Each structure stands twice: as C-alpha cells, then as structure tokens.
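These figures come from a predicted structure and were not determined experimentally. Protein chains get the first letters and strands the later ones, always in sequence-line order, with residue 1 at the start of each.
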Number of protein chains: 2
Amino acid sequence: MPNLPTIKEIAKRLNLAASTVSRALHNHPRIGLRTRMKVQELARELQYEPNQTAIFFQQKKTFTLGIVLPELSEAFFSAAISGIEDTANKSNYMVLLGQSHDDTTREQKIVEIMKNHRVDGLLVSLAKNTVNYAHFEMLRKYNIPVVFFDRIPNMPSIHYVASNMESGTIQAVSLLLQRGHRVIGMINGPEKLTASQQRTTGYQKAMQLQRLKYDASLNVNADLTKESTRNAMQQLLAHKRKVTAIVAFNDYVSQDAVQYALEQGLEINKDLTFVSYANLPLSSYMAFPPLASVEQYPYLQGQRATEILLDLLSGKLPLDQYQQIVIDSRLVIAPGR
Amino acid sequence: MPNLPTIKEIAKRLNLAASTVSRALHNHPRIGLRTRMKVQELARELQYEPNQTAIFFQQKKTFTLGIVLPELSEAFFSAAISGIEDTANKSNYMVLLGQSHDDTTREQKIVEIMKNHRVDGLLVSLAKNTVNYAHFEMLRKYNIPVVFFDRIPNMPSIHYVASNMESGTIQAVSLLLQRGHRVIGMINGPEKLTASQQRTTGYQKAMQLQRLKYDASLNVNADLTKESTRNAMQQLLAHKRKVTAIVAFNDYVSQDAVQYALEQGLEINKDLTFVSYANLPLSSYMAFPPLASVEQYPYLQGQRATEILLDLLSGKLPLDQYQQIVIDSRLVIAPGR
DNA sequence: TAAATTTGCGCAACCGTTTGTCCAGCTATT
DNA sequence: AATAGCTGGACAAACGGTTGCGCAAATTTA
C-alpha cells in the first residue's frame with residue numbers, strides 16, 4: 001500500500017513549510033497567489049486528501065452524530081432516520097447508528113461506546129422500559145448534547161421533539177362522528193403511556209365538541225400484542241351498545257382487529273369502520289386498510305430533531321435553552337374514501 | 001467545561017512519564033506492580049477515559065464500518081442492518097450509516113465521505129441503477145476492503161454475500177404442483193435482474209422435476225410498481241389456460257396482486273393461491289397473506305457479510321482471496337396452511 | 001530617504017496516545 | 001569484585017494537520 005500523500009509530503013516537494021501548505025490549501029490570504037496555485041496544483045496531482053482522523057483529533061470534533069433508537073424494522077424509525085440522515089448530510093455530518101432493541105442495558109452500552117467515539121451529539125429515542133437516565137445525564141460532563149425524539153424521557157431539562165396524538169385523535173373521532181357513527185370503540189395502548197393518555201383526551205374532546213357524552217367503557221387498554229388486541233375486540237363487540245367504528249392504537253393493531261372482525265363474519269367498512277395511527281406505507285397494501293390514519297410525521301420529527309442538534313453544536317442555540325418541540329399529529333384520509 | 005483527564009494529567013500528578021502511565025493502564029509487564037496500581041487507581045478516581053479520536057489517529061484505525069444501502073424502510077434492509085450491527089458490536093466496531101435511496105450519485109458521495117472518515121471497511125448493497133463501480137474500485141488505493149451483500153456488482157474480484165432465489169423458487173413451485181395446481185403464473189421482476197433470472201430458472205427446474213412442460217407465457221416480467229403488477233395480473237387472468245396459482249416477485253407485489261384479484265371477484269386461496277418472496281413480518285398482518293413465502297435471510301446475510309469483513313480486517317482472511325457466499329433461499333409455509 | 005506598513009512564509013507548539021530505545025540502579029553470577 | 005543480566009521507568013519521536021507568532025523583504029507612506 002503506497003502511503004497516502006500528506007501535507008508534509010507536499011511541503012517537502014515544494015520546499016515549503018507544512019504550515020504554508022496547509023494555509024495555501026485553505027486559501028489563506030496571507031499566502032501569495034503564486035505559491036497557493038503551486039500547492040493546489042501539486043495537491044490535485046497527488047490526489048491529496050486531508051486525513052480526517054487527524055483533523056478530528058486536532059479540532060476535537062468528529063462531524064459525527066450518534067443515533068440511538070429501538071428498532072429500525074419499525075416503519076416509524078426507519079422513516080425518522082431518513083430525516084435525520086438527510087439533514088445531517090446537508091451539514092456534512094455522518095450518522096453513527098445503534099439499535100437498543102428496546103433493551104435498556106444495550107442502550108447504555110451504545111451510549112457509552114458513542115461517547116468514546118466522541119460523537120459530537122446524540123439523537124435518542126428511548127428503549128421501551130428505560131426509566132433511569134443516568135447514562136444520558138453523564139453526557140453533560142463530556143459536553144455532548146442530546147436531543148430526544150418520539151420516545152422522550154420524563155425530565156424537565158432536555159431538548160426534544162415529539163408528536164402530540166391529541167389533535168389527530170380529535171380529527172379521527174370527529175370524522176367518524178361526522179359520518180354518522182355514534183358508538184365508537186377505541187383500542188388504546190398501555191394506560192401509563194403518554195401516547196395513550198393523549199388519545200383518550202383527544203377522544204373526550206372530540207365528543208365534547210359535539211356535546212356528546214364520553215363513555216369510558218368504550219375505551220379499552222391493550223398492550224399492542226395480537227392476543228391483547230383480540231381480547232379488546234371481543235370486549236368491544238360484546239358491548240351493550242352496538243359499536244360501528246373503532247379507533248385502533250396503530251395500523252398494526254388495526255390489522256389484527258380487522259382480522260378478528262372478519263373471523264366474526266363482520267363486513268369491514270359496512271358493519272365496522274376502522275381508523276388508526278401511523279399511516280404506514282404498507283397500509284396501501286392491505287386488503288382492508290383503515291378509512292383514515294393519524295400521521296405522526298416521522299421524517300419531520302427526525303429532521304427537526306437533527307436541526308436542533310446541529311444548531312446546538314454550531315452555537316446558534318445555547319445548550320441550556322431547552323428546545324421542546326411538539327408536532328401536532330394530523331388525520332390522513334385514505335385516497336378515495 | 002472542565003477538561004477531561006488525559007494520560008499526561010495522570011503522569012504529572014504521579015510524577016511519571018506519559019509512556020509509563022500508558023503502559024501501566026495496559027498492564028504492561030515492564031511496569032512495576034506498585035506503580036501500575038497507583039496509576040490505575042488514580043485513573044479510576046479521575047474517571048479517565050482514553051481519547052478514542054487520538055487512538056484512531058495514532059493507530060490509523062477507527063473501529064468503524066461503513067454501511068451503504070438503498071433504503072432502510074425496506075424490510076429486507078432493516079433486518080440486514082440488525083445482523084450487521086450485532087456482529088460488528090461484538091467485535092467492538094461501530095456502524096456508520098448511509099442510504100443511497102437508490103441514487104447512484106448519492107451512493108458515490110456517501111462512499112467518498114466514508115472514505116474521508118477513514119472507515120476501516122465497507123458493507124455495500126448497490127443502488128438499483130449503479131452500473132459503474134469506480135467509486136468502489138478507488139477504495140483499494142485506500143486499503144478499505146468492501147464486502148457487498150444482496151445487491152452485488154457484476155464483477156469478478158469482489159467479496160460478496162448474496163442469496164440464490166433458485167432453490168426457494170423450486171420449492172415454491174413444487175409446493176403448488178404438489179397441491180394440485182397445474183397452471184401456475186409468475187409475476188417476475190425486470191428481465192435483466194439476476195434475481196429474476198434465478199426465479200425463472202427455478203420455475204423451469206421445478207416443472208422439469210415433475211416432467212411437466214414449462215410455459216413461458218405464464219412467466220410475466222413486471223417492474224414492481226403497482227401499475228405494472230396489475231397489468232401482469234390482467235395478462236395472467238386472461239391466459240387461455242386457467243391460472244389457479246401465482247408466484248409473485250415479493251410480498252408487496254403479492255399484495256397488489258391480491259387486491260386486483262379481489263376486485264375481479266376472485267376468492268383468494270380458492271380460485272387463486274399466492275406464493276411470494278421475502279417472508280415479511282407484515283404478511284402476518286395481511287388479511288390474505290400468501291400461502292408461503294421464500295425467505296431470503298436478511299439478518300443472516302448481514303451477519304455473514306460482516307463476519308467476512310471483520311476477518312478481512314483482522315487479517316484472518318487475505319484481502320485477495322475473494323469470498324463469495326451464496327445463501328440458498330428457502331420456502332417458509334405460513335403457519336397452519 | 002527614513003519610517004511604517006504590508007506581504008509572504010517559516011518555526012514551533014500542540015492535540016493524546018503509543019512504542020522503540022536508552023539508561024540507571026539493582027541483583028545475580030562466577 | 002567485576003561483569004552480565006534484569007527491572008522499572010524516562011525520553012522522544014511519531015501519527016497529520018492547524019495556528020499563533022516572528023521575521024525578513026517588499027512596498028507604501030510621510
């Protein structure tokens with residue numbers, strides 16, 4: 001392997017000092033035009049490329065952003081990472097990836113390694129059961145800013161970007177009401193999740209808007225597993241009032257619910273209408289896609305979070321001015337429905 | 001920001017040379033036990049952490065693997081990257097991500113940046129229309145080995161891991177034949193793709209195995225768009241022989257086809273049976289999942305490709321001994337079918 | 001014409017860690 | 001007691017690039 005050309009190499013060949021070469025390559029005005037040209041020409045000829053690792057080391061900056069998230073196979077995150085990557089690349093940053101697979105221990109380990117790799121900043125979406133945030137707190141000591149997105153910790157002094165399900169839920173329920181549905185079931189997520197609470201609030205507000213009474217027994221908590229969804233469906237279909245529409249926690253849950261309904265001999269979109277969350281691209285591949293789905297803008301969330309992080313890094317935003325962005329969700333009605 | 005402790009700092013405090021501290025921390029036998037302990041204790045006390053960027057620079061090694069692939073939102077790739085990440089992490093490597101979004105120009109740019117970041121090696125799955133491989137060839141000069149996976153270039157001297165669709169196709173068609181189907185349609189991909197050719201060969205061989213005649217007019221090329229799939233379906237359903245089963249290029253195509261069939265009033269699994277490729281997790285969410293799907297082992301491909309790359313980097317495998325691994329695909333029958 | 005300023009470039013330190021070499025003092029050998 | 005062999009550690013260079021400072025020559029200003 002023929003060693004790569006360095007600044008020193010160029011300097012030697014032209015009988016110049018390394019510093020002169022460095023400045024010449026950066027078009028420093030104090031270097032004469034004549035020398036500047038000579039240097040740049042030889043650099044081109046030798047196909048000189050600055051050694052980034054040397055620069056990283058010297059400048060104490062790696063132009064690398066660490067991303068820690070649960071699962072890329074979840075459509076939400078794979079969309080979010082595109083927003084992150086595109087934004088980062090525009091500012092010449094690269095993206096170091098780590099999946100926690102929803103395991104806190106792994107999350108801690110990833111953060112540790114990223115810290116050692118001296119990433120300039122971190123974008124994080126928490127593992128499902130992370131409740132201790134020490135591994136993020138310690139990053140302050142290393143001056144590595146963190147911006148959380150989507151799954152954010154329950155802490156005051158942090159930067160984050162998250163979406164609010166309330167607005168989308170209001171729209172979803174309102175749509176169903178407007179189409180004449182009066183008994184609307186909701187398959188909600190785990191009770192303690194903020195995302196579940198927001199859905200409940202949205203449901204309540206939508207009813208209130210039409211001066212209708214909210215019936216808590218129509219709002220069933222489940223845990224997103226197929227099993228649990230089927231139980232919820234059973235409960236809803238057995239309700240004393242006849243449920244004609246269902247708001248499902250997300251598109252996956254919606255599909256499980258549809259399957260159950262079909263097994264019960266119900267006709268989708270006639271006996272029972274579905275609305276859900278996520279607006280997955282795959283819903284267009286479904287035989288019975290939901291009537292509408294609440295969009296959470298994963299790409300946008302990734303983009304905004306990255307923009308904030310970059311502003312934090314460039315000093316455009318002070319580190320202690322906590323950015324907390326909430327993106328309103330919005331209902332997207334399936335084309336032609 | 002209180003400056004982080006360095007080896008020099010420790011050396012100064014203990015009146016030692018930096019070199020001694022370095023060796024002490026590495027448990028070098030030439031350093032007396034007494035000093036070793038003192039150093040390690042102070043290091044712990046100061047919470048010393050070696051500056052990786054300095055080490056990277058000095059060792060000319062970054063413990064970073066670059067990943068270049070088309071789209072993480074495709075289930076195949078998001079599964080593959082998990083295999084890559086898990087394997088890399090086991091050897092203390094990190095993963096630098098870049099999506100080409102199937103754009104060759106972008107692919108070139110990403111490779112360039114990764115080269116500048118001095119990744120130790122590269123794992124690549126090509127953009128759809130990349131035909132010129134200069135941006136990979138030039139990596140030889142920088143001594144950065146590349147292992148391709150799944151979408152591999154048409155070149156002799158490369159390392160790669162790819163799957164062969166032939167075996168899975170034979171199994172798929174054989175299954176249908178065994179279940180009594182005699183007129184089997186195939187919605188294939190673009191003609192020039194190796195993956196399409198392998199499917200065709202598999203189809204032919206399966207027929208041959210049963211001494212049946214292969215009818216080329218039942219094997220229709222499409223380009224994976226919904227539009228194109230619907231055209232293919234139209235063509236197949238209008239065939240003079242009555243098609244009772246269809247092998248679709250992948251699960252997405254399969255769903256488009258199912259949708260079309262439903263619109264035509266056909267009953268899935270009775271009038272028409274589907275088999276496809278990919279075995280996406282989402283197929284379990286489909287109202288009409290394919291009877292069976294050919295598994296391409298994305299996780300395994302990512303894992304094997306990474307293992308090879310790591311062996312190349314560690315010198316366990318010589319760089320010029322080209323590793324070309326073909327993973328046979330395998331039919332997975334949907335549970336209970 | 002002398003003084004002041006500008007121009008063009010070299011010198012040297014520095015970032016943090018690793019590693020080859022050298023050396024002083026001690027121990028052991030004969 | 002002289003020599004050889006260890007032991008434990010220091011010194012310095014190196015990785016590649018950046019940057020503050022100094023200084024001579026050229027140019028402008030008074």
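- Put simply, NZ on A:Lys38 is 13 Å from P on C:dG8, counting in whole angstrom units.
- Residue B:Lys60 places at least one side-chain N or O under 4.0 Å from the OP1 or OP2 atom of D:dG16.
- Here B:Tyr48 lies in heavy-atom contact (under 4.0 Å) with sugar-phosphate atoms only.
- Remark: side-chain polar atoms of A:Asn51 are not paired, donor with acceptor, to backbone N or O of A:Ile55 under 3.5 angstrom.
- In terms of position along DNA chain D, the nucleotide closest to B:Pro29 lies nearer the 5' end than the nucleotide closest to the other residue of the pair A:Gln58 and B:Pro29.
- For the side-chain hydrogen bond (donor to acceptor under 3.5 Å, both in side chains) test, no residue two or more places apart in sequence or in another chain qualifies with A:Gln52.
- Which of D:dG16, D:dA10, D:dT18 sits closest to the side chain of B:Phe57 comes down to D:dG16.
- In terms of phosphate contacts, B:Thr20 brings a side-chain nitrogen or oxygen within less than 4.0 Å of OP1 or OP2 of D:dA10.
- B:Lys8 has a side-chain polar atom (N or O) that falls below the 4.0 Å cut-off from OP1 or OP2 of C:dC15.
- A distance of 10.0 Å separates OG of B:Ser19 from NE2 of B:His28, quoted to the nearest 0.5 Å.
- Rounded to an integer number of Å, the gap from A:Lys12 NZ to D:dG16 C1' is 13 Å.
- As a whole-Å value, the separation of A:His28 NE2 from C:dG8 C1' is 11 Å.
- Looking only at distances, a side-chain donor or acceptor of B:Thr306 sits under 3.5 Å from a matching main-chain atom of B:Gly302.
- Residue B:Arg36 contributes atom CZ, which lies 9 Å from atom P of D:dG8 at whole-angstrom precision.
- In the helix from C:dT1-D:dA30 to C:dT30-D:dA1, the terminal helix axes, each the rotation mapping four pairs' C1' atoms onto the next four within five end pairs, subtend 50°, rounded to 10°.
- In this structure, A:Phe56 has its ring center no closer than 6.0 Å to that of B:Phe56.
- Salt bridge A:Arg106/B:Asp86: present, at least one basic N to carboxylate O contact under 4.0 Å.
- Rounded to an integer number of Å, the gap from CG of B:Asn15 to P of D:dA10 is 9 Å.
- Residues B:Glu9 and B:Lys12 are not paired through a salt bridge, judged by the lack of any N-O separation under 4.0 Å between the basic side chain and the carboxylate.
- Between B:Thr6 and A:Leu16, the residue anchored nearer the 5' end of DNA chain C, judged by the nucleotide with its closest heavy atom, is A:Leu16.
- A:His159 and A:Tyr322 have tilted rings, their planes meeting at an angle from 30° to 60° on a 0 to 90° scale.
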Please produce a list of atom pairs where a protein N or O lies less than 3.5 Å from an N or O of nucleotides 20-22 of chain C.
from	atom 1	to	atom 2	distance (Å)
C:dG20	O6	B:Arg23	NH2	2.1

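- Separating the CD1 atom of B:Ile7 from the P atom of D:dA14 is a distance of 20 Å, rounded to the nearest angstrom.
- Listed pair B:Ser22 / C:dT18 meets the phosphate criterion, a side-chain N or O lying under 4.0 Å from OP1 or OP2.
- For the atom pair CD1 of A:Ile110 and NE2 of A:His117, the computed distance is 12.0 Å after rounding to the nearest 0.5 Å.
- As rounded to whole Å, 6 Å separates atom C1' of D:dG16 from atom CG of A:Asn51.
- We find that CG of A:Leu14 is positioned 17 Å from P of C:dG8, with the value rounded to whole Å.
- Under the 4.5 Å side-chain criterion, counting only non-hydrogen atoms from C-beta, B:Ile10 is not in contact with B:Pro5.
- Among the protein residues, A:Thr53 comes within range of no part of the nucleic acid, since none of its heavy atoms lies under 4.0 Å from any strand.
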